Amino acid sequence: MIERYKKSQLDLLDWDAKKRAVVNDARCKLFYTMEHLKLMQENKDSLYTIDKAIEDIKYAFDELVKAQNKYDYSKLPKDF
């Protein structure tokens, strides 16, 4: 029983770590997108485009959708 509990806790920690990594990746993408848009605003000759900004925002949005999914509680032992 203790081993099953340990496994469920490790699974929960792994899920949390992956979720944090996904959110961090999305936040970085949004940060860099904002920075590029600021540069575009200041410099009309920027290589960054509105299409690229939309692509980057969509990527971050899709990553955040993954992160909003709840932990699969069916993986927890039933007899605790």
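In this text the structure is predicted, and so the values were computed from the model without any measurement.
Asp25 and Lys29 are not joined by a salt bridge, as no carboxylate oxygen comes within less than 4.0 angstrom of a charged side-chain nitrogen. Ion pairing of Asp62 with Lys66 is absent here, as no side-chain N (NZ or NE/NH1/NH2) approaches a carboxylate O to less than 4.0 Å.
Counting heavy atoms from C-beta on, the side chains of Leu12 and Trp15 come closer than 4.5 Å. By the 4.5 Å heavy-atom criterion applied to side chains, Met40 and Leu37 are counted as neighbours.
Placement of Tyr32 and Met34 within a single hydrophobic cluster is found when ILVMFWY residues are connected by side-chain heavy-atom separations under 4.5 Å, directly or transitively.
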Notebook entry, point to check: When you look at Glu42 and Leu39, which way does the side chain to side chain contact (heavy atoms under 4.5 Å, CB included) test go after all the steps?
Noted result: CA-CA 5 Å; Glu42 296 166 4; Leu39 289 172; 4.2 Å; yes
Checklist line | Lys18/Asp14 under salt bridge (Lys or Arg N to Asp or Glu O under 4.0 Å): CA gap, chis, key distance, verdict | finding: CA-CA 6 Å; Lys18 288 177 183 172; Asp14 182 54; 3.1 Å; yes
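Environment of CG in Leu47: sparse, with no more than 12 heavy atoms of neighbouring residues, nucleotides or ligands closer than 6.0 Å.
One distance of note links CD of Glu35 with OG1 of Thr33; it measures 10.0 Å at 0.5 Å rounding.
Using modelled atom types, one side-chain atom of Ser8 and one backbone atom of Tyr5 make a donor-acceptor pair closer than 3.5 Å.
Shown here are the side-chain contact (heavy atoms from CB on, under 4.5 Å) partners of Lys52, two or more places apart in sequence or in another chain: Tyr48, Thr49, Glu55, Asp56.
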